[in-house]
Amino acid sequence: MLKIVALIKYTPELLGDRRFAADNTVDRDAVEGRLSELDEYAAEQALKVAESVDEAEITYLTMGPDGATDALRKALSMGGDKGVHINDAALHGSDALATSLVLAKAVEKLGFDLVICGMASTDGSMGVIPAMVAERLSVPQVSYAASLAVAGTTVTIERETDAATSTIEGQLPALVSVTDRTGEARYPSFKGIMAARKKPVDVWTLADLEIDPATVGLPAAYSAVTTITPRPPRQAGVIVKDGGEGGIALAEFLSVQKFI
Amino acid sequence: MSHVLVVVEATDGSIPKPTQELLTLASRIGSPAVVVFGSNGQKAAEAAGAFGAEKAFLVEDATAEEYLVVPQAEAIAQIAKTLTDDGGLAAILFTASSDGREIAARVAVKIDAGLLTDAVDVRAGDNGGVVAVQNVFAASFVVEATVTHGPAIVVVKPNAVAPEPKAVTPVVENVTVAFSDLAKSAKITGRTERASTGRPELADAAIVVSGGRGLGSADGFQLIEGLADQLGAAVGASRAAVDAGWYSHANQVGQTGKTVSPQLYFAIGISGAIQHRAGMQTAKTVVAINKDEEAPIFELADYGIVGDLNAVVPQLQAEITKRKS
Ligand SMILES: Cc1cc2nc3c(=O)[nH]c(=O)nc-3n(C[C@H](O)[C@H](O)[C@H](O)COP(=O)(O)OP(=O)(O)OC[C@H]3O[C@@H](n4cnc5c(N)ncnc54)[C@H](O)[C@@H]3O)c2cc1C
Ligand SMILES: Nc1ncnc2c1ncn2[C@@H]1O[C@H](COP(=O)(O)O)[C@@H](O)[C@H]1O
């Protein structure tokens, strides 16, 4: 049986009025959260891989505040078997190093053949957790997949980067991260939504992972935000309706601005 | 003075502009050193010397070219130790490419140091540390952050600073790394380089002309390319245009494409979804052409034309030609 663990994050809605809390962390109460759009691709690829082999089990794993259970339920309504929610007050304000430590410990506890991540979270968007988790698990990192296939014990991806498109190959157990080029996530069906309610979701604390609370959270972070300045709103521009001379008016604007 | 290590990604012996920028930032913090991978190291070391590199570490082992990310991370962790023992290491700077970001992530774990990504500026802090400036939440906030443990590992966006030449002859050292088995676990079995278009690079172009679904077809991009070439601009595309197969993913602007910060940005037939705006919000001047006056892109536009791009763009091109002659 292929054991798949998909790492999914609960992130603030993009169109919400995203803000910082008094301690300079992301204010997770200010805006409604959701399953990160970019992790929907991870959930979808987990299902696709599972469908391509004889037998598989998918566990969705998230670390986050109370509401993060919603992200697990959303993923479970697409398919998959169970969810694990790491929820502990001491995790508040964790940096990427601590987050990757906690996720790696939980993945180890679950046991795995394949870990699937999104390419970046839509809030912090550092795009570093997959590499850090792979480093901590000491498994091949097969990341930024625009497409993904598992055959036997080999995972093969197309990695699309600025300079080139590469084919990367690794042996299971391995970690992959997938981009939004891998294909749209399926919509949960009504049946899927009903079924998800009955699927098990375990809640784990730091004690369950044998992690010392003093090594995670804001006080233990290796970086600190010192100042936060809202970018001044853009000055309202000139909007004109084209009455047949729009291109000429635009050329005049570009000329006044010394672009031409 | 402490060292600042700059990671050179190119393996052809050149120092690309974003790396020149890192060297310029490094000079402001400490004594710049570079690490270069591949067989053209000597040439790259000299090129880095032109931007102030005082030391160059050459890792010639082909492992770094045959396997993904981990070999570079192991080599850099080793060099970081050398520099820490030799007067101290203040920071390690990476360019914000996929490889740069992931190598940085691994190095941070290996040497137990704080990591900051997508910096748009880096400077020395008041009490010896390093301060990075970042744009967050689709560039709606500017944040300053410092690393409080270990050398600062900072991933820096292109255009953070104008490169400043400073001629130095670097001390060159060949580095041998005993790569682990893990370093050889994700094999690069094929590689197709992106073909050059002859146009400016998206990430550092002064003008970007972008097209979206409103162009209607791949042929529609001829209009965009024509205008771009008149202005010496780079071509960008929305994800909708890329998903439709009209233009290359390498040209996508936005959350899952590139972030651009040009002097002038054209959004033509682009609605201005939040994921698109995340990649162009910091452009100095924004011009939008869209037939829907309700399109959110107009909220950002310094100059917007509500009209049919098929009429406005050709007229603009003709007018530019006329004014130029
Ligand atoms: C996880 C995720 C990541 C994403 N990342 C990105 C990203 O990196 N970059 C990105 O761009 N998008 C991204 N998107 C997609 C984004 O949400 C939008 O769907 C996309 O930007 C829309 O592209 P568009 O503006 O070209 O198309 P549309 O929204 O369809 O807009 C087309 C516009 O063209 C106008 N138009 C049509 N015909 C004409 C004409 N003849 N003359 C003038 N105007 C005309 C229309 O009025 C309309 O406003 C992402 C989405 C998700 C979920
Ligand atoms: N708190 C979290 N819980 C579960 N998965 C996470 C978490 N943070 C990050 N990830 C995973 O790591 C990927 C990259 O995140 P980041 O490095 O934060 O941009 C995401 O797409 C997720 O797959």
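Here is the naming used below: chain letters follow the sequence lines, and residue numbers restart at 1 for every chain.
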Given heavy-atom pairs under 4.5 angstrom as the criterion, report whether the side chain, backbone, both or neither of [X] touches chain B.
X: A:Ala120; result: neither
X: A:Val155; result: neither
X: A:Ala134; result: both
X: A:Thr227; result: both
X: A:Leu101; result: neither
X: A:Thr156; result: neither
X: A:Glu158; result: neither
X: A:Leu38; result: side chain
X: A:Arg234; result: side chain

What I want to find out is whether [X] reaches [Y] closely enough, with some N-O distance under 4.0 Å, to be called a salt bridge.
X: A:Glu160; Y: B:Arg191; result: no
X: B:Arg106; Y: A:Glu135; result: yes
X: A:Asp180; Y: B:Arg239; result: yes

Looking only at heavy atoms and a cut-off of under 4.5 Å, which of [options] has the most pairs with chain B?
options: A:Val128, A:Leu97, A:Val238; value: A:Val238
options: A:Ile260, A:Thr226, A:Leu250; value: A:Leu250
options: A:Ala164, A:Ala221, A:Ser125; value: A:Ala164
options: A:Pro130, A:Gly170, A:Ser143; value: A:Ser143
options: A:Leu15, A:Leu14, A:Ile168; value: A:Ile168

On a heavy-atom basis, which atom in [X] and which in [Y] lie closest, and how many Å separate them?
X: A:Ile239; Y: B:Ala301; value: CD1-CB, 4.3 Å
X: A:Tyr222; Y: B:Ala113; value: CD1-C, 3.7 Å
X: A:Asp162; Y: B:Arg194; value: O-NE, 2.5 Å
X: B:Val109; Y: A:Met132; value: CG2-CG, 3.6 Å

Among B:Leu115, B:Asp118, B:Ile320, which has the most heavy-atom pairs under 4.5 Å with chain A?
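Winner by heavy-atom pair count: B:Leu115.
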
Does one side chain, of A:Gln257 or B:Thr285, offer a donor that lies under 3.5 Å from an acceptor on the other?
no

